[in-house]
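So that the names make sense, note that chain A is the first sequence line, chain B the second, and so on, each numbered from 1. Not measured: the values here are computed from a predicted model. As a basis for the values below, the full set of heavy atoms in this structure was taken, side chains included, without hydrogen atoms, waters or symmetry mates.
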Amino acid sequence: MSLDFSIVWQQFPQILSAFWNTIWIWIVATILAILLGFVVAALRRYGPLWLNLLLRLYVEVIRGTPFLIQLFLLYFGGPFIGLSLEPIPAGLLGMTVYGSAYFSEIFRAGFAAIPPGHIEAAECVGLSRGQIVRRILVPEMTMLVLPQIVNMAIILMKETAILSIITVPELTLVVGAIGSQQYAFVEAMTMLALFYWALVELSGWLGGLAEKKLSKFRFAH
Amino acid sequence: MSTRLFELMLWAAGKTVLLSAISIAIGLAIGLLVCAAKLSPKKLLSIPATVYVSLFRGVPLLVQLLLIYNLLPALGILVPSEVAAIAGLALCTAAYQAENLRGGFNSVPRGLIEAADMVGMSPWQQLRRIRAPIAFRLTLPALVNEMILILKASSLISVVGVIELTRMAQNLSASTFRPLLFYSVAGGIYLAICWLVAGGGSLAERLMRTGSSR
């Protein structure tokens, strides 16, 4: 067996645009999933009981089924209920829904870990509800959940590869296609694997840096 | 959905469970070796183990599966796609399980090991009677979690042509034009299996807890 990696580099512009797709889909889906996850967690904690049970079912179903099945339901099943989406919007929506269930569980634990004394103290000194959320809840929770948020964001980065199966033109699909056309699939996949590895290590490193920067906001127990 | 088609789905679900179970078991064995290497004071062992864990946790499983599936024939190793799929799943889960086990072994209270030293246990006896049982008990929740992750991740082996639950749902929805039905049924079966595994896990934890209090 001989490996020739130069074949893959001849298609550089194509790979660059696929890389861009992977990155922006990952970032947009992660931000939307964090926002949706926060809303789900907040509604479960402060909303009525029936809503809590309904959202719990949502979280359990999403977390108990494979991402690929969810994507297939959305992409191939969607048109049967009037939801015809192109691959990229379908991928974005699927990843947002999938991620939101996991993020909501992280926020749920975060809500539960904030010492009630802090809220009571804030009420005692006369802070309004909005002030309590802005000055106590959000900053304390950010510190509590940041490591898990970073971890989940990195998991989602790897999950973007699955979007290739519903033909989203991201790295795995494009590099795989180039590899097949050039009869250099193993070379293409090896480079792809090393690339994802570097990306994941880099994200982990940046996440660790952010945690260190924000650690001055950590409260004492 | 006719009974015949539902039986096909159940058969495929059985295959998903079987392939996942084999992968988890092989992954546990490899994970133990990687964990032992990573905990070793010898750099020659610990550095490759660290690289292994980082690599297999840093590359998407789908890419690992596609690579292994195509690399084996390129190296002249011709195996059925099931074997390639199990190899991919096992190598990946081994990295995660090695980290779980490392956490377990590192959490064994030092005092217990010192006490075992005092009563004159050999290192092997300490491992067999003190460190391994405690580490196993500590890592059981993580192991159950990993089983559920692999059950769900096994849907990706449909891509390398193994007929399991996801691939069966794909085939049946293509031939009947009813993707909503078959993917929902597949999702329901995955959900049921995951709940069963989670329930079995908490049962095992409770049984072991009563065992330890006696």
Check whether A/F185 gets within reach of chain B through its side chain, its backbone, both or neither, counting any heavy atom under 4.5 Å.
side chain
Contact part of A/S203 toward chain B, heavy-atom cut-off under 4.5 Å: side chain, backbone, both or neither?
neither
Report, in residue-number order, which members of residues 51-62 of chain B are under 4.5 Å from chain A by heavy-atom distance.
B/V51, B/S54, B/L55, B/R57, B/G58, B/V59, B/P60, B/L62
Quick one: does A/F80's side chain get under 4.5 Å of B/P179's, heavy atoms only?
yes
Heavy-atom closest pair, residues B/C194 and A/G64
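Heavy atoms only, the tightest pair is SG-O, 3.6 Å.
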When heavy-atom pairs shorter than 4.5 Å are enumerated against chain A, which of B/L165, B/L66, B/I189, B/L67 gives the highest number?
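Most heavy-atom pairs under 4.5 Å with chain A: B/L67.
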Over 12 non-hydrogen atoms of neighbours within 6.0 angstrom of CG in B/L44:
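Atom CG in B/L44 is not crowded, with 12 or fewer foreign heavy atoms closer than 6.0 Å.
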Taking atom CZ as the centre, does B/F177 end up with more than 12 heavy-atom neighbours from other residues, nucleotides or ligands that are less than 6.0 angstrom away?
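No, CZ of B/F177 has 12 or fewer neighbouring heavy atoms, counting only those of other groups under 6.0 Å.
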Given heavy-atom pairs under 4.5 angstrom as the criterion, report whether the side chain, backbone, both or neither of B/Q170 touches chain A.
side chain
Heavy-atom distance under 4.5 Å to chain A: side chain of B/S184, backbone, both or neither?
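Looking at B/S184, backbone and side chain both touch chain A.
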Taking B/K152 for its side chain and A/L68 for its backbone only, find out whether a donor-acceptor pair lies under 3.5 Å.
no
Check each of B/L72, B/L71, B/L75 against A/V186 using the side-chain contact (heavy atoms from CB on, under 4.5 Å) test, and report the only one that passes.
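Single pass found, and it is B/L71.
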I'd like to verify something: which residue of A/L73, A/L199, A/I165 has the highest number of heavy-atom pairs under 4.5 Å with chain B?
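Among A/L73, A/L199, A/I165, the one with the most close pairs to chain B is A/L73.
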Name the member of A/F76, A/W197, A/Y196 that forms the most heavy-atom pairs with chain B at distances under 4.5 Å.
A/W197
Calculate, to the nearest 0.5 Å, the distance between atoms [atom1] and [atom2] belonging to [X] and [Y] respectively.
X: B/L180; Y: A/I81; atom1: CG; atom2: CD1; answer: 6.0 Å
X: A/I69; Y: B/S158; atom1: CD1; atom2: OG; answer: 8.0 Å
X: B/L156; Y: A/E159; atom1: CG; atom2: CD; answer: 7.5 Å
X: A/F72; Y: B/T166; atom1: CZ; atom2: OG1; answer: 7.0 Å
X: B/Q64; Y: A/K158; atom1: CD; atom2: NZ; answer: 8.0 Å
X: A/E60; Y: B/W195; atom1: CD; atom2: CH2; answer: 6.5 Å

Taking it one step at a time, do A/M189 and B/V63 satisfy side chain to side chain contact (heavy atoms under 4.5 Å, CB included)?
CA-CA 7 Å; A/M189 281 293 134; B/V63 176; 4.2 Å; yes
